[in-house]
Protein chains: 2
Amino acid sequence: MAYADQYIDKLRKSGLRPTKQRIKICEVLFDAEKTFHFTIKELVKIIENQANIKVSLATVYNTVHAFMKKGYLKEIPLNASQSYYDTNVTHHHHFFDEEENKLIDIHQDDVDEVNIKRTIPGKKIKSVEVIAKIVSDNQSQK
Amino acid sequence: MAYADQYIDKLRKSGLRPTKQRIKICEVLFDAEKTFHFTIKELVKIIENQANIKVSLATVYNTVHAFMKKGYLKEIPLNASQSYYDTNVTHHHHFFDEEENKLIDIHQDDVDEVNIKRTIPGKKIKSVEVIAKIVSDNQSQK
DNA sequence: TAATACATTATATTAATTCTAAACTGTTGA
DNA sequence: TCAACAGTTTAGAATTAATATAATGTATTA
């Protein structure tokens with residue numbers, strides 16, 4: 001498996017030893033064809049389906065948090081009961097479909113750069129995210 | 001109290017009868033000099049401090065949700081363990097100070113209109129919010 | 001006033017997340 | 001080889017926000 005080294009590298013850089021469980025988590029997160037959004041529960045389910053090894057909730061939480069801290073994963077700002085994470089850490093934004101509870105990427109090119117004129121003394125901007133809530137467009141109810 | 005009628009009106013329009021408890025909630029929310037951000041817990045604490053009446057958690061949750069549905073309050077999209085609400089329902093954005101867990105308004109004029117070029121078939125955009133995370137700017141660590 | 005509809009409350013429940021402590025694993029160095 | 005150690009994993013407990021429940025209370029209507 002050619003990717004193994006990348007995973008080991010990511011884990012080490014996140015301050016974690018490369019264990020079976022953590023490498024499995026990496027495979028699911030970073031070996032996917034496309035980037036994707038997930039909750040912890042969903043991630044655990046994917047691992048269970050794919051893997052011959054079991055990974056406990058605690059390990060998944062810990063590993064995801066370590067990756068977040070390092071910037072290998074991103075949390076999506078939302079008001080949901082569970083946290084949503086994104087394997088796409090490049091600069092982009094999201095639609096959130098409130099009716100279906102689904103996230104859709106908005107590519108960077110589809111939004112003009114958000115330019116905030118106001119500054120806060122002693123603080124710098126770490127990230128800027130746009131969340132656009134969408135709902136059904138019932139034109140008939142016009 | 002000149003505002004009482006407004007509160008009664010807001011409550012009725014939200015489908016709620018104007019009771020002592022609910023009017024007290026209105027006073028705290030809508031009688032403030034400035035708009036503000038709050039969590040349910042904080043709101044309960046403010047009421048306890050100001051009021052001679054006790055309002056249960058359940059009533060606060062129910063009333064806040066009814067106001068949200070009607071658009072008299074807004075929930076701020078964030079990844080926090082608790083939900084944050086805003087009495088300012090005009091179009092504006094937020095800084096979120098991750099170190100101090102504090103929200104700061106960004107006035108509409110301080111951000112160019114966010115123009116999203118992408119559309120989703122059958123869906124319309126209900127709201128667009130910008131969250132800018134800020135952290136200490138330690139220039140020395142340059 | 002009786003009947004009805006809606007409110008309030010304390011408490012129980014649920015569910016995500018975090019914590020804990022015990023068992024486990026792998027590495028190091030004698 | 002093996003003992004010691006540092007870091008891991010895990011199941012289950014604890015925590016906490018939010019929601020549901022059901023008993024009691026209140027107000028309105030006829």
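As the structure is a prediction and not an experimental result, all values here were calculated from the model. In the text below, chain A, chain B and the rest are named by the order of the sequence lines, each starting its count at 1.
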Exercise for the section: Can you tell me the distance, in whole Å, between the CZ atom of B:F38 and the P atom of D:dA18? Expected result: 11 Å
Exercise for the section: Using whole Å, report how far NZ of B:K45 lies from P of D:dA17. Expected result: 11 Å
Completion exercise
note: B:R22, atom CZ; D:dG25, atom C1'; distance rounded to Å ~ 13 Å
Problem - Whole-Å distance separating the CD1 atom of B:I25 from the P atom of C:dT8 - result: 8 Å
Exercise for the section: List in chain and number order the residues that pass side chain to side chain donor-acceptor pair (under 3.5 Å) with B:K126, two or more places apart in sequence or in another chain; answer none if no residue qualifies. Expected result: A:E98
Practice task
Go through A:E75 and B:K133 one step at a time and tell me if the salt bridge (charged side-chain N to carboxylate O under 4.0 Å, His left out) criterion holds.
Solution key: CA-CA 12 Å; A:E75 197 173 358; B:K133 290 188 194 158; 6.0 Å; no
Exercise for the section: Please determine if a side-chain N or O atom of B:T59 lies less than 4.0 Å away from the OP1 or OP2 oxygen of C:dT9. Expected result: yes
Fill in the blank from the handout: Closest non-hydrogen atoms of A:T87 and A:F38, given as atom of the first, atom of the second and distance, are CG2-CE2, 3.8 Å
Problem - side-chain N/O B:Q21 vs D:dT26 OP1/OP2, d < 4.0 Å - result: no
Practice task
Mark up nucleotides 13-25 of chain C, 5' to 3', with B wherever a protein heavy atom is under 4.0 angstrom from a base atom, S wherever such an atom reaches only the sugar-phosphate, and - elsewhere.
Solution key: ---SBBB------
Fill in the blank from the handout: Hits for side chain to side chain donor-acceptor pair (under 3.5 Å) against A:Q50, two or more places apart or cross-chain, chain-then-number order -> none
Handout entry: B:H91: partners by ring-ring contact (aromatic ring centres under 6.0 Å, His included), with sequence neighbours left out
Key = B:H93
Practice task
Would you indicate whether B:K34, at its atom NZ, is surrounded by more than 12 heavy atoms from other residues, nucleotides or ligands within a distance under 6.0 Å?
Solution key: no
Handout entry: Interatomic distance, B:I53 CD1 vs C:dA7 C1' [rounded to whole Å]
Key = 13 Å
Exercise for the section: Determine which bases of DNA chain C form Watson-Crick or G-U wobble pairs with both distances under 3.5 Å, and write the result as a 5' to 3' dot-bracket string with | for other-strand partners. Expected result: ||||||||||||||||||||||||||||||
Exercise for the section: For B:D105 and B:H37, test the side chains for any donor-to-acceptor distance below 3.5 angstrom and give the result as yes or no. Expected result: yes
Completion exercise
The salt bridge (Lys or Arg N to Asp or Glu O under 4.0 Å) partners of A:K69 (sequence neighbours excluded) come to none
Exercise for the section: Kindly say if A:K54 contacts the phosphate of D:dA11, meaning a side-chain N or O under 4.0 Å from OP1 or OP2. Expected result: yes
Practice task
Would you mind telling me which of B:F30, B:Y85, B:Y7 makes a ring pair (Phe, Tyr, Trp, His ring centres under 6.0 Å) with B:F67?
Solution key: B:F30
Practice task
Nearest whole angstrom, please: distance from the C1' of C:dG26 to the CG of A:L11.
Solution key: 16 Å
Exercise for the section: Give the rounded distance in Å between these two atoms: CG of B:N62 and C1' of D:dA17. Expected result: 15 Å
